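Heads up, the thing below is written out as structure tokens.
Just so it is clear: chains get the letters A, B, ... in the order the sequence lines come, proteins before strands, and each one is counted from 1. Just so you know, these numbers come straight off a predicted model, no measurement behind them.
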Number of protein chains: 2
Amino acid sequence: MSSQRLSRDVLLPLLMEHVLTHGLGQASLRPLAKAAGTSDRMLIYHFGSKERLISELLTFAASVYAAGLEAVITTDAHPPTRADLLARILEQNAGPASQPFKNLWWEIVGGAARDLPGYREAARGMMHELLGWLERNMPPGDPDPAGGARFLLTVIEGTMMLSAVGHEDTAHAGLLAGGLLPS
Amino acid sequence: MSSQRLSRDVLLPLLMEHVLTHGLGQASLRPLAKAAGTSDRMLIYHFGSKERLISELLTFAASVYAAGLEAVITTDAHPPTRADLLARILEQNAGPASQPFKNLWWEIVGGAARDLPGYREAARGMMHELLGWLERNMPPGDPDPAGGARFLLTVIEGTMMLSAVGHEDTAHAGLLAGGLLPS
DNA sequence: TTCCTCTTGTAGCACTTGCTACATTTCCGT
DNA sequence: ACGGAAATGTAGCAAGTGCTACAAGAGGAA
């Protein structure tokens with residue numbers, strides 16, 4: 001049991017790296033195994049089935065995402081206004097470093113929409129985490145941190161989606177028109 | 001050429017119906033052919049390759065989407081405020097009728113993010129169409145129809161995404177806190 | 001040592017994938 | 001009716017899919 005858990009903990013990061021670059025939908029056992037330095041035989045042995053592998057991979061991805069947010073919390077100073085906070089988040093998400101994770105994210109959303117096993121839980125978890133982070137990092141003295149965080153989250157995700165399909169300028173213009181970005 | 005075009009026009013709706021219910025990622029030639037009443041052999045004959053089939057299917061889906069929006073334009077009366085318009089759109093999108101199309105939409109977004117051939121064009125086109133529809137249907141006398149439409153689009157898509165992962169309540173609370181929904 | 005469980009390698013099975021070779025039918029212009 | 005092109009059926013190929021049967025090494029407990 002303990003060595004099984006150990007093996008999985010070793011495998012999951014390698015598997016996730018492969019999934020981040022090659023996509024979740026196209027991931028099949030043999031390429032995954034190769035990326036993790038094992039065989040398909042071993043993946044089935046450790047995870048039971050591909051479905052459970054994917055499911056565990058998603059919860060692992062969610063935990064990595066949460067950890068990344070926590071890391072940001074401790075290092076950043078709080079932006080003084082909602083607009084500054086929003087601008088900062090969008091700027092960070094637009095960077096190339098977060099591209100692979102965003103690609104994975106859309107596959108997770110798609111899986112959640114179709115209710116594939118494990119997808120909705122992972123997606124819900126990540127959004128819950130991000131919402132919590134937002135709420136904790138709202139500008140000091142914000143009149144409605146809870147509502148404001150939810151509002152920002154909605155706007156952020158809309159911007160992400162529009163950016164994914166090449167409409168970042170549309171989203172930007174919308175946020176400006178809504179008075180949500182610093183001029 | 002003309003009979004080829006005819007065949008394609010007959011096939012595409014049947015193919016799209018199959019894709020709407022079964023998903024785009026899992027769509028392989030033989031099930032697609034079965035749904036359209038032909039053989040994989042014929043699909044390759046008419047479309048050249050699976051990649052081109054998917055590409056044509058996406059532009060077809062985009063045109064269907066556009067036509068659907070146009071139909072709504074002529075039948076609806078204009079809501080008096082932005083909040084009413086937003087509420088009406090969200091209500092319509094939350095209905096079960098638009099569920100299959102939304103499922104397909106997330107796959108398109110994922111494909112666009114990964115830059116698969118044809119995906120980004122289709123996604124861009126549909127968003128362009130929706131944006132145009134919004135702009136044309138902004139409340140009469142709105143001070144900034146162009147910017148307002150872009151703002152609404154961003155908020156709408158964010159709400160769609162959060163709803164897809166089971167966070168519709170979060171989005172709703174956010175819109176209320178942002179003063180974007182009628183009380 | 002012996003035994004037992006955990007872990008791993010080798011082959012392979014039944015099936016699906018996109019696509020093609022080849023032959024045949026269908027249909028339209030002459 | 002005839003000839004050529006378009007359209008379709010049959011069969012199959014090479015590769016890849018998830019997964020399993022079987023055997024064998026590894027490592028610790030007795």
Nucleotide [N], atom [atom2] - distance to [atom1] of [X] in whole Å:
{"X": "A:Leu53", "N": "D:dT17", "atom1": "CG", "atom2": "P", "value": "14 Å"}
{"X": "A:Ile44", "N": "D:dC22", "atom1": "CD1", "atom2": "C1'", "value": "17 Å"}
{"X": "A:Phe47", "N": "D:dG18", "atom1": "CZ", "atom2": "C1'", "value": "15 Å"}
{"X": "A:Met42", "N": "D:dG25", "atom1": "CE", "atom2": "P", "value": "15 Å"}
{"X": "A:Lys34", "N": "D:dT17", "atom1": "NZ", "atom2": "C1'", "value": "16 Å"}
{"X": "A:Glu51", "N": "D:dG18", "atom1": "CD", "atom2": "C1'", "value": "12 Å"}
{"X": "A:Arg52", "N": "D:dG18", "atom1": "CZ", "atom2": "P", "value": "15 Å"}
{"X": "B:Leu32", "N": "C:dC19", "atom1": "CG", "atom2": "C1'", "value": "15 Å"}

Considering only distance and modelled atom types, tabulate donor-acceptor pairs under 3.5 Å from the side chains of residues 155-182 of chain B, sequence neighbours left out.
from: B:Thr159; atom 1: OG1; to: B:Val155; atom 2: O; distance (Å): 2.8
from: B:Ser163; atom 1: OG; to: B:Thr159; atom 2: O; distance (Å): 2.8
from: B:His167; atom 1: ND1; to: B:Thr170; atom 2: OG1; distance (Å): 2.8
from: B:His167; atom 1: NE2; to: A:Arg124; atom 2: O; distance (Å): 3.2

Output all residues satisfying salt bridge (Lys or Arg N to Asp or Glu O under 4.0 Å) with B:Arg52, sequence neighbours left out; order by chain, then residue number.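 Once residues adjacent in sequence are excluded, B:Arg52 has no partner under the salt bridge (Lys or Arg N to Asp or Glu O under 4.0 Å) criterion.
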
Not counting sequence neighbours, list each pair that qualifies as a ring pair (Phe, Tyr, Trp, His ring centres under 6.0 Å) and has a residue in residues 85-131 of chain A. A:Tyr65-A:Phe101

Of the nucleotides D:dG18, C:dG18, D:dG9, which has the atom closest to the B:Ser28 side chain? C:dG18

Candidate nucleotides C:dG9, C:dC6, D:dC19, ranked by approach to the side chain of A:Tyr45 - the nearest: C:dC6

Report yes if at least one side-chain N or O of B:His46 is closer than 4.0 Å to OP1 or OP2 of D:dA6; otherwise report no. no

Could you pull out all residues at least two apart from B:Asp84 that satisfy side chain to side chain donor-acceptor pair (under 3.5 Å)? B:Thr81

Mind listing the N/O atom pairs, protein and nucleotides 12-15 of chain C, below 3.5 Å?
none

Which is more 5' along DNA chain D, the nucleotide nearest A:Pro31 or the one nearest A:Arg41? Just name the residue.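 In this pair, the answer is A:Pro31.
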
Base, sugar-phosphate alone, or nothing: which one does A:Thr38 contact when heavy atoms must sit under 4.0 Å apart?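 Result for A:Thr38 = nothing.
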
Approximate separation, where rounding is to 0.5 Å, of A:Asp40 CG and A:Tyr45 OH: 15.0 Å

Enumerate, atom names and distances included, each donor-acceptor pair closer than 3.5 Å involving a side-chain atom of residues 140-153 of chain A, sequence neighbours excluded.
from: A:Asp142; atom 1: OD1; to: A:Arg82; atom 2: NH2; distance (Å): 2.9
from: A:Asp142; atom 1: OD1; to: A:Asp144; atom 2: N; distance (Å): 2.9
from: A:Asp142; atom 1: OD2; to: A:Arg82; atom 2: NE; distance (Å): 2.7
from: A:Asp144; atom 1: OD1; to: A:Gly147; atom 2: N; distance (Å): 3.0
from: A:Arg150; atom 1: NH1; to: A:Glu135; atom 2: OE1; distance (Å): 3.4
from: A:Arg150; atom 1: NH1; to: A:Ala146; atom 2: O; distance (Å): 3.1

Starting from B:Phe60, can I reach B:Leu11 by hopping between I/L/V/M/F/W/Y residues whose side chains sit under 4.5 Å apart? yes

